[in-house]
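Comments concern the structure below.
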Protein chains: 2
Amino acid sequence: MTSDNRVKIADIAKRANVSTGTVDRVIHNRGEVAQKTRDKVLAIIKEMDFEPDILASTLASKKTYRFASLIPAATNDSLFWHQPVIGFEKALKQVKHFGVAHQAFSFNYFDKESFKAAWSELLESEPDGIIVAPSFADVSADFIAQTEERGIPVVFINMNVFNLPKLSFVGQDPLRSGMVAAHLLDFGLKQKGRILIVNIMSEKGGNIHLMSREEGFRNYFHGNGFSGKELFTLNIYGNDPTQIDQMLSEVLSPEGAEEKVAGIFVTNSRVFHVADYLKKTGEKHIRLVGYDLLEVNVDHLMNHHIDFLISQNPIGQGFRSFMALFDSMVLKKNIQKYQYLPIDIITRENIDYYINNLTNE
Amino acid sequence: MTSDNRVKIADIAKRANVSTGTVDRVIHNRGEVAQKTRDKVLAIIKEMDFEPDILASTLASKKTYRFASLIPAATNDSLFWHQPVIGFEKALKQVKHFGVAHQAFSFNYFDKESFKAAWSELLESEPDGIIVAPSFADVSADFIAQTEERGIPVVFINMNVFNLPKLSFVGQDPLRSGMVAAHLLDFGLKQKGRILIVNIMSEKGGNIHLMSREEGFRNYFHGNGFSGKELFTLNIYGNDPTQIDQMLSEVLSPEGAEEKVAGIFVTNSRVFHVADYLKKTGEKHIRLVGYDLLEVNVDHLMNHHIDFLISQNPIGQGFRSFMALFDSMVLKKNIQKYQYLPIDIITRENIDYYINNLTNE
DNA sequence: AAAAATTCCGTGTGCGCACACGAAATTAGA
DNA sequence: TCTAATTTCGTGTGCGCACACGGAATTTTT
């Protein structure tokens, strides 16, 4: 019930013939300590394996950590981004006692200017740590320069910009996730057959992600020798249903096609557009794989119009990003620079356990 | 940097014209308070939305929580059980500041007596909370009666015993996981084909799990109408490789078989035995699905002798079980009684992110 | 109505640490 | 050598809460 013999600051102090104040000064590198005594205290700290009591510590120092996040606003075009916020909130709930606060900023996914403006606003709030989805690499570079100068740690969520300094990246490996999709379709299809890769994207750029997924998808087939599958790509810009339908029918309709398409890989969450089309045309033999557990996608999955969805675990991404800042800044832990989240394969049978999952609650 | 206006006990006290001591007494239901003032204080607490500061609270009350775990020892027959311990340790690391300690007990997976003995030893240590894998339901029932009497909360990990009282169950839904396996094989096989279900189990019982998985597997096919698949079961008792090989060959060899078997579902982690056999006989066209990321299984997965593995996320199970006790006892949170973990589908391409995964670190 | 028994309540101390303040020790200046 | 400037250090207070102790208020007993 009550056992404890953790070594505390007072123990160190006694052992070193100094006061607790002095020990405290060396612990926090606050100077005003003679080199000799500093060394002695340091040695004793190590020898006695002293670890400060975080509870007492944060209780005494009324310090507050203010974290700021900057991610796209959740709209019809980017429903995905509603989820990471939930992850932020879960994490916050778990660590708020330690004096952590959170302020959220957002921007228009397709508007570089709004991204820039939000970044500025965020910096003006002078946060102690930042989580950002660096949609526009060039703009991000400018601002990261500033955070570097001010010594504010930054975590990248969902998308990475490799050449920029960062505390950590939290997200998925797009190449690998493309390979997973490829494996699934390969597994489900007969030996031969054409496979269509569909990129539904914005004209305004910021689609590096999709390219990597396609690359991974193609790599899978190349890596596994000739498997009798023929791959071809359809790029669709914008998300006008009518236009999408038309472009799909050109490629899929009997007249247009050479050999019949057996499977389709949509490189992002817009997969529901393709499912809509297949449903509408009564096509039932084309295997379909896409991304993310949007409600529309889940509906199609349950109704057999989508075979597999790959989840990016957006809640987990939010949670992990937040905790990365917390672990690093509050607990002074060392953080893994690349935190690749699992590439979850979702079917009708296991989806219950991935929706609103509490994995990281 | 320093902003805070959380309401504290002193605020309540002042507002109620009583001392902090009195407020403290009502908060902890420690009696010795007139009903009238008790009501008043309670009202004010609610009105001001007071939440005690957990940090200060645990700091002041030198209370210690001792959690005990009881799971099978990790042996060749149950390698799986090495993982939950890692989850326990991760959880402990995260919450040890709150005065949480952990003592591990283990037993022989196949030996009911050792289970009984370990239970007794555990109870003698008078823990404040318990995590147990209730391998033998009848024995567990006896001991659960005792924990109930003493008011010690118990969490069941990995396997559930439905009619026993518990704080929470943490594990997977075996029925559903069987369905997932079925979906995968169904997806990967031509229209027709025989599918073999293999249960490799101990003679000594404790295999309810496997039965449920088989049931789920069969339900999938029944639920989806006649899909042209014929299912049949092979039960193997014991884990002698020679015997396993022989029994498999009887069922799979050209002479023995009526129609060729197209896919095999092994209902637990012993799937490597079947993979060994397939590898040995050079069979490459039989699809194979099984459970758990044991090293031997992972090897077969990487070498294409196993198509999919279903992971039970054992580390996560350990972590969640531990946190269930913590959340309930220390944080006084309400706990979900059934915590079903995701049924993770593992392929060569995504396995990296499930092995030693830090999802819950 | 006074004494005894109960019920109810306020005060004080300490948990382990952070940090301000000022004093002591040391060094520099004259 | 004595004072002034620096460097180095010890002490005290408080963070928000838990809990022991003893005293005040109330009720019961005689």
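The sequence lines fix the lettering, A, B, ..., with proteins before strands; numbering per chain opens at 1.
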Considering only side-chain heavy atoms of [X], which listed nucleotide, [options], is closest?
X: A/Arg30; options: D/dT8, C/dA18, C/dT11; answer: C/dA18
X: A/Ala60; options: C/dG16, D/dG16, D/dC9; answer: C/dG16
X: B/Phe50; options: D/dC9, C/dC17, D/dC17; answer: D/dC17
X: A/Thr20; options: D/dG16, D/dT11, C/dG10; answer: D/dT11

Distance flag, aromatic centroids of A/Phe115 and A/Phe107, threshold under 6.0 Å: yes
Between [N] and [X], is there an OP1 or OP2 to side-chain N/O distance shorter than 4.0 Å?
X: B/Ser57; N: D/dA18; answer: yes
X: B/Lys62; N: C/dC15; answer: no
X: B/Ser61; N: D/dA18; answer: no

When you measure only distances, ignoring hydrogens and angles, does the side chain of B/Glu32 come within 3.5 Å of the base of C/dC8 through a donor and an acceptor? no
What contact category does A/Leu59 fall into here, base, sugar-phosphate, or nothing, at under 4.0 angstrom with non-hydrogen atoms? base
Ordered by number, residues from residues 35-47 of chain A within less than 4.0 Å of DNA chain D (heavy atoms) are A/Thr37
Interface residues of residues 21-28 of chain A with DNA chain D (non-hydrogen, below 4.0 angstrom): A/Gly21, A/Thr22, A/Arg25
Test ring-ring contact (aromatic ring centres under 6.0 Å, His included) applied to A/His102 and A/Phe88, A/Phe67, A/Phe326, the passing residue: A/Phe88
Heavy-atom count around B/Lys14 NZ within 6.0 Å, excluding the residue itself: above 12? no
Can you tell me how far C1' of D/dG10 sits from NZ of A/Lys14, to the nearest Å? 15 Å
Criterion side-chain hydrogen bond (donor to acceptor under 3.5 Å, both in side chains) on A/Asn313 and A/Gln317, from CA distance to verdict: CA-CA 6 Å; A/Asn313 190 3; A/Gln317 287 192 15; over 6 Å; no
For residues 139-151 of chain B, dump all side-chain donor-acceptor pairs below 3.5 Å to protein atoms at least two apart in sequence or in another chain.
residue	atom	partner	partner atom	Å
B/Ser140	OG	B/Phe136	O	2.9
B/Thr147	OG1	B/Ile144	O	2.8

